[in-house]
Amino acid sequence: MDERMADLAYSAGWAMVRHAPESAGRAVFQRLADRSWRARDAGTRGLERNLRRLLGPGATDARTRALSRAGMRSYMRYYYEMFRLPAMGEEYILDRTRATGIDVLEKHIRSGRGVVAALPHMGNWDHAGAWITLNGIPLTTVAQRLRPESLFQRFTAYRESLGMEVLPLTGGGSSTVGTLARRLRGGGLVCLLADRDVNGGGLEVEFFGESARVPSGPAALALNTGAALMPVSLWYDGPYWNIRVHEEIPVAGGGTRSERVQATTQELVRVFEGAIAEHPEDWHMLQPVFSSDHERDRASRGRAGATAAPGAAERGGAGTPARNERNG
């Protein structure tokens, strides 16, 4: 799918899903999930590689496949609800949300202390953002740039319509980091997805017993601004959306600044491990997370480049499928 077609497809999805009966829409997206799962497409294979780390070396193929099917259905549920969310009324969103630990986050915000809410790719992030803004707490987040730019602008406008301030993950330069710091010093809420390194500048941590790379941003912002670093996990329970705000992770003391950020990030990942292990089917991680997978992909790209015909890389531009991922 080229960039123009990707933009048209998402535009059509938003229009159709908002107006179609909910039961029919959910059924269609579940069928799409099952089709991807049966075909074991690239996304399903990536999800299964990640789930095997969670399940451990004793996991059977049958167990992994069963969990990946549930995972793909949860993932496509996210997309259905993302398209549908603007048509959901405020009462619908509020009535179907169950939240725990939010009182502590609210207390920090009321006292003027900023909060860095760090999340793994679980459940429905867009819904959680809409829910918190409906409860009177504005938030700032970052989003990975998509191709084409018109699609990125469409996603940004959509999230801003839900009450979020959206900054670009790339292309914003130091201004993005500076804006996040200002929001936190002003007692605001900054929400960041934090279980996958997108731009290659992440930290090496232990994650489910293996080396993985994750962003350093949440811990660094908490260290620089004095904001509370609070992990948040999201999952589904039948028709309900669940939000859990975990206890604050204190910034590690002692050592150099980089050592403190490293140690704090490792503690954050430990909380992510527990949350994901409790609701593994709602961990929407289809991309490489673990260092060995990144290395395998780099080696694969290197082999492909070595055998490609001259000019192949140049021809690959517009024909390369757009990576339409959730907020980095």
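All residue numbers refer to positions in the sequence shown, counting from 1.
- For I137 against E106, the heavy-atom pair with the smallest separation is CD1-CG, 3.5 Å.
- Counting all heavy atoms, side chain and backbone alike, S292 lies closest to R53 at OG-NH2, 3.1 Å.
- With S233 contributing its side chain and A275 its backbone, the two residues share no donor-acceptor pair below 3.5 Å.
- Heavy atoms only, all atoms of each residue included: L268 and I249 are closest at CA-CD1, 3.3 Å.
- Proximity of a side-chain donor or acceptor of D282 to a complementary backbone N or O of G123 within less than 3.5 Å is not detected.
- Counting heavy atoms of neighbouring residues, nucleotides and ligands inside a 6.0 Å radius, atom CD of E247 does not exceed 12 of them.
- The closest side-chain donor-acceptor pair between R77 and S74, if any, does not fall under 3.5 angstrom.
- Judged by distance alone, the side chain of R40 and the main-chain N or O of R45 form no donor-acceptor pair under 3.5 Å.
- Annotation: the span from L167 atom CG to S175 atom OG amounts to 8.0 Å, rounded to 0.5 Å.
- For the 3.5 Å distance criterion, the side chains of D61 and T64 fail to qualify, holding no donor opposite an acceptor.
- Counting only distance, with no hydrogens or angles, the side chain of N242 and the backbone of A99 share no donor-acceptor pair below 3.5 Å.
- Centroid-to-centroid, the aromatic rings of Y75 and Y79 come within less than 6.0 Å.
- Of the possible donor and acceptor atoms, none in the side chain of R183 sits under 3.5 Å from a partner among the backbone N and O of G188.
- Residues R260 and L223 have side chains in contact (heavy-atom distance under 4.5 Å, counting atoms from C-beta outward).
- Rounding to the nearest 0.5 Å places NE2 of H246 at 12.0 Å from CG of L229.
- Between the NE2 atom of H279 and the CZ atom of R244 there is a distance of 8.5 Å, given to the nearest 0.5 Å.
- Between the side chain of D197 and the backbone N or O of P215, no donor-acceptor pair lies under 3.5 Å.
- Remark: L139 CG to L189 CG distance equals 5.5 Å, nearest 0.5 Å.
- The neighbour count for Y92 OH, taken as heavy atoms of other residues, nucleotides or ligands under 6.0 Å away, is above 12.
- The closest donor-acceptor contact from the side chain of T256 to the backbone of E259 lies under 3.5 Å.
- For the pair M88/L85, a side-chain contact is recorded, criterion being any heavy-atom separation below 4.5 Å from C-beta on.
- Distance CG/N135 to CD1/I102: 7.0 Å, rounded to 0.5 Å.
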Check the pair F207 / I276 against side chain to side chain contact (heavy atoms under 4.5 Å, CB included), numbers first and verdict last.
-> CA-CA 11 Å; F207 193 31; I276 294 167; 3.9 Å; yes
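- Put simply, the side chain of W37 gets close to the backbone of R65: a donor and an acceptor are under 3.5 Å apart.
- Between the side chains of R257 and N224, a donor-acceptor pair is found at a separation under 3.5 Å.
- Nearest approach of A220 to V261, heavy atoms of both residues: CA-CG2, 4.1 Å.
- Summarising the geometry of P218 relative to L192, their closest heavy-atom pair is CG-CD1, 4.1 Å, with the distance given to 0.1 Å.
- Stacking of R96 on the aromatic ring of W131 is not recorded, the 6.0 Å distance cut-off and the 45° axial limit not both being met.
- Using a 3.5 Å distance cut-off with no hydrogens or angles, the side chains of E206 and S211 do not pair a donor with an acceptor.
- The shortest side-chain heavy-atom distance between T176 and V142 falls under the 4.5 Å cut-off.
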E81 and R26: salt bridge (Lys or Arg N to Asp or Glu O under 4.0 Å), yes or no, with the steps?
-> CA-CA 9 Å; E81 292 176 346; R26 290 188 183 276; 3.2 Å; yes
Worked check of salt bridge (Lys or Arg N to Asp or Glu O under 4.0 Å) between D195 and R213 | CA-CA 8 Å; D195 57 341; R213 296 193 73 87; over 6 Å; no
Determine, stepwise, if the pair T140 / R182 fulfils side-chain hydrogen bond (donor to acceptor under 3.5 Å, both in side chains).
-> CA-CA 11 Å; T140 301; R182 285 194 297 275; over 6 Å; no
Worked check of side-chain hydrogen bond (donor to acceptor under 3.5 Å, both in side chains) between Y78 and D126 = CA-CA 9 Å; Y78 160 79; D126 289 291; 2.5 Å; yes
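- Nearest heavy-atom pair across A227 and L184 is CB-CD2, 3.9 Å.
- A cation-pi arrangement is found for R98 relative to Y240, the charged atom lying closer than 6.0 Å to the ring centre and inside a 45° cone about the ring normal.
- Side chain of R196 to main chain of V289: no donor-acceptor pair is present (N/O by atom type, distance under 3.5 Å, no hydrogens or angles).
- Taken to the nearest 0.5 Å, the OG atom of S68 stands 10.5 Å off from the CZ atom of R63.
- E278 and W235 are not linked by any side-chain donor-acceptor pair at a separation below 3.5 angstrom, with hydrogens and angles left out of the test.
- With Q262 contributing its side chain and S216 its backbone, the two residues share no donor-acceptor pair below 3.5 Å.
- Ion pair R270/E273 flagged as a salt bridge, since at least one NZ, NE, NH1 or NH2 atom sits closer than 4.0 Å to an Asp/Glu carboxylate oxygen.
- At least one cation-pi condition fails for R49 and F290: the charged atom is not both under 6.0 angstrom from the six-membered ring centre and inside a 45 degree cone around its axis.
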